[in-house]
Amino acid sequence: ITLLKQSDLVFVDPPGTGYSAAIAPHTNRDWWGVDADGVVVADFITRYINQYNRQSSPKYLYGESYGGIRTPIVAKLLERQGTSRYAPDPTGKPPIVLTGVILNSPILDYASNCEMVEATSCGGYLPSYAMMANFFHKSPARGSQTIEQYLAGLRQFTSVRYAPVEAMTPGARKKFLDTQKGWALLNDLVARAALDTLTWYKSFKQLPGDYRNELMPGYELGRYDGRMKVPAGNSYAPDDYINLAFLNQFKQLMPYYVNYRSASTYEPLGNAIFYWNWNHNGTDDPNSLGDIQIALTYDPGLKWLVMHGYEDNATPGYQTELDLIGVDLYDRVPVKWFEGGHMTYNTEASRPALEAVISDFYAAPPFGSDAAEIAQQAAN
């Protein structure tokens, strides 16, 4: 199960992460910001293309998590410069700027994520809460529905019944919840997202951290993967495997399996997060929706694909869908869901499905292309 059957994979570690480091007189901190980071990654890609004569190759960007901010910015920058910085191609083939963009568990707008900005709605999290409850057999509302059918119902339940009540003032919400319809809503919430009616009555807007603490009493649940649990108070948190186990394995993998050795210390993130300049387009809660729109303006045929895990409690898939709906991009940027958390590929059962979806994405023509025209071009 590998994408190497169809594509070369080039992993880019921005300065100060992985084995990458800035070259003097620059320092790593020069590039620790939303805009500076996008520029240095785009410049690296252009340099790589010229260095290895890949001007005419199809090119896909793949970004995960914060990559939902970074990758659309990079796509915009690459599309804006076009082929103006390409070296002459010795093959003489027509150059290609970008073919497609894949976003894995992205965050597209920090201001719409209620974990980042508590004042905003948590409706984008509710389907993910319900999927976590479903995994722990606490969602009788699912019944015999397929997971896809259940997700569709959760979208409707959230938009039609939950979100309007969450948007009420505290006084108006309490007044509504004290009615027969209000208690019916609370009971239906319990049937989908578990907890109990009194909890939802007191805290109708459940922040992600609060929900994780309440779903499985006595256990701490993973933010990146809500299926993972450890006893509360344990010295080993459910997400620690990302920083400890994976990092230790990686340090073994590179020298002894890949035969790559470096004098540098491998930095999974390092100090970048503490010094990051979050400002983008005049706000410190960046969003990349405008960058997607600009990239599509430069290249209307650019293909896009978004993938999310059902039990991701960090960047919920429904919030991504709401963000795309808000800028009329939902029909243009398809969102696919898979069993798993933030790192969907960690779920072994989902890997064949992920590989199949991405392979189909590779094979698809540019968006809006005429199939007959494409076939004729291939024949020529």
Side-chain angles (χ1 to χ4, degrees), residues 2-4 7-52 54 57 59-75 77-78 98 101-107 110 223-225 237 239-278 280 286 288 307 309 312 314-315 341-346 351 354 358:
T2 175
L3 301 178
L4 287 169
S7 57
D8 295 325
L9 302 178
V10 181
F11 292 88
V12 184
D13 291 327
T17 66
Y19 290 119
S20 295
I23 298 174
H26 293 290
T27 67
N28 292 336
R29 285 186 62 174
D30 292 341
W31 309 109
W32 287 352
V34 177
D35 290 332
D37 169 81
V39 168
V40 75
V41 172
D43 283 352
F44 174 86
I45 291 171
T46 301
R47 172 72 184 273
Y48 185 96
I49 289 167
N50 288 334
Q51 182 74 19
Y52 294 98
R54 303 309 296 261
S57 298
K59 301 174 188 69
Y60 292 84
L61 301 179
Y62 189 118
E64 177 185 315
S65 194
Y66 176 76
I69 300 294
R70 167 187 289 133
T71 312
I73 293 174
V74 172
L77 294 173
L78 293 175
L98 277 182
V101 178
I102 303 172
L103 302 178
N104 194 138
S105 306
I107 184 168
Y110 274 69
R223 175 176 179 262
Y224 290 113
D225 191 335
D239 290 326
D240 278 354
Y241 69 95
I242 299 169
N243 297 321
L244 299 176
F246 274 19
L247 182 58
N248 288 336
Q249 279 295 102
F250 191 83
K251 289 179 177 178
Q252 296 293 312
L253 173 77
M254 295 305 285
Y256 301 115
Y257 184 80
V258 183
N259 198 28
Y260 177 84
R261 291 170 173 81
S262 173
S264 300
T265 300
Y266 186 85
E267 291 284 355
L269 184 60
N271 293 319
I273 190 70
F274 300 109
Y275 299 98
W276 201 260
N277 181 348
W278 293 98
H280 180 57
S288 60
M307 305 184 297
D312 183 357
T315 58
H342 194 62
M343 288 71 76
T344 48
Y345 41 80
N346 282 355
R351 291 177 198 157
L354 286 163
I358 296 175

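These values consider heavy atoms only, across backbone and side chains, with no hydrogens, waters or symmetry-generated copies.
Atom CD1 of Ile45 is separated from atom CG of Leu98 by 7.5 Å, given to the nearest 0.5 angstrom. Summarising the geometry, atom CG belonging to Leu3 is positioned 6.0 Å from atom CG belonging to Leu9; distances are rounded to the nearest 0.5 Å. Going from atom CG of Asn277 over to atom CG of Asp35 covers 7.5 Å, rounded to the nearest 0.5 Å. Taking CE from Met343 and OG from Ser65, the interatomic distance works out to 8.5 Å, rounded to the nearest 0.5 Å. Considering CG of Leu61 and CD1 of Ile73, their distance stands at 12.5 Å, rounded to 0.5 Å.
Nearest approach of Asp312 to Arg223, heavy atoms of both residues: OD1-O, 4.1 Å. Here the closest non-hydrogen pair linking Ser288 and Gly68 is OG-O, 2.5 Å. Of all the heavy atoms in Trp278 and Ile273, the pair that sits closest is CZ2-CD1, 3.8 Å. The two residues Asp239 and Asp225 come nearest to each other via the heavy atoms OD1-N, 4.2 Å. Scanning all heavy atoms of the two residues, the minimum distance from Asn28 to Ala22 falls at OD1-N, 2.8 Å. Closest approach of Glu64 and His342 over heavy atoms only: OE2-CD2, 4.2 Å.
Looking only at side-chain heavy atoms (C-beta outward), Phe246 and Asn346 come within less than 4.5 Å of each other. When side chains are defined from C-beta on, Arg261 counts as touching Tyr256, because their heavy atoms get closer than 4.5 Å. You'll find the side chain of His26 stays beyond 4.5 Å of the side chain of Val40, heavy atoms only. Side-chain contact between Tyr345 and Met307: absent, with no pair of heavy atoms (C-beta onward) separated by less than 4.5 Å. Counting heavy atoms from C-beta outward, Val12 and Tyr48 have side chains that stay 4.5 Å or more apart. Between Ser262 and Met254 the shortest side-chain heavy-atom distance does not fall below 4.5 Å. For the pair Val101/Leu103, a side-chain contact is recorded, criterion being any heavy-atom separation below 4.5 Å from C-beta on. At least one side-chain heavy atom of Arg54 sits less than 4.5 Å from a side-chain heavy atom of Asp8.
Side chain of Thr315 to backbone of Ser105: a donor-acceptor contact under 3.5 angstrom is found. Although no hydrogens or angles enter the test, the distance criterion places a donor-acceptor pair under 3.5 Å between the side chain of Asp30 and the main chain of Thr27. A distance-only check finds a donor-acceptor pair linking the side chain of Asp240 to the backbone of Ala237 [under 3.5 Å].
Environment of OH in Tyr266: crowded, with over 12 heavy atoms of neighbouring residues, nucleotides or ligands closer than 6.0 Å. Heavy atoms from other residues, nucleotides or ligands lying under 6.0 Å from CG of Leu4 number more than 12.
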Q: Take Ile358 and Tyr62 through the test side-chain contact (heavy atoms from CB on, under 4.5 Å) and record every step on the way to the result.
A: CA-CA 11 Å; Ile358 296 175; Tyr62 189 118; 4.1 Å; yes
**Q.** side-chain contact (heavy atoms from CB on, under 4.5 Å) between Asp37 and Trp276, worked out
**A.** CA-CA 10 Å; Asp37 169 81; Trp276 201 260; 3.7 Å; yes
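Checking Asp13 against Tyr19 by side-chain atom types alone, no donor-acceptor pair falls below 3.5 Å.
The aromatic rings of Tyr66 and Tyr110 lie perpendicular to each other, with more than 60° between the two planes, well past the 30° mark.
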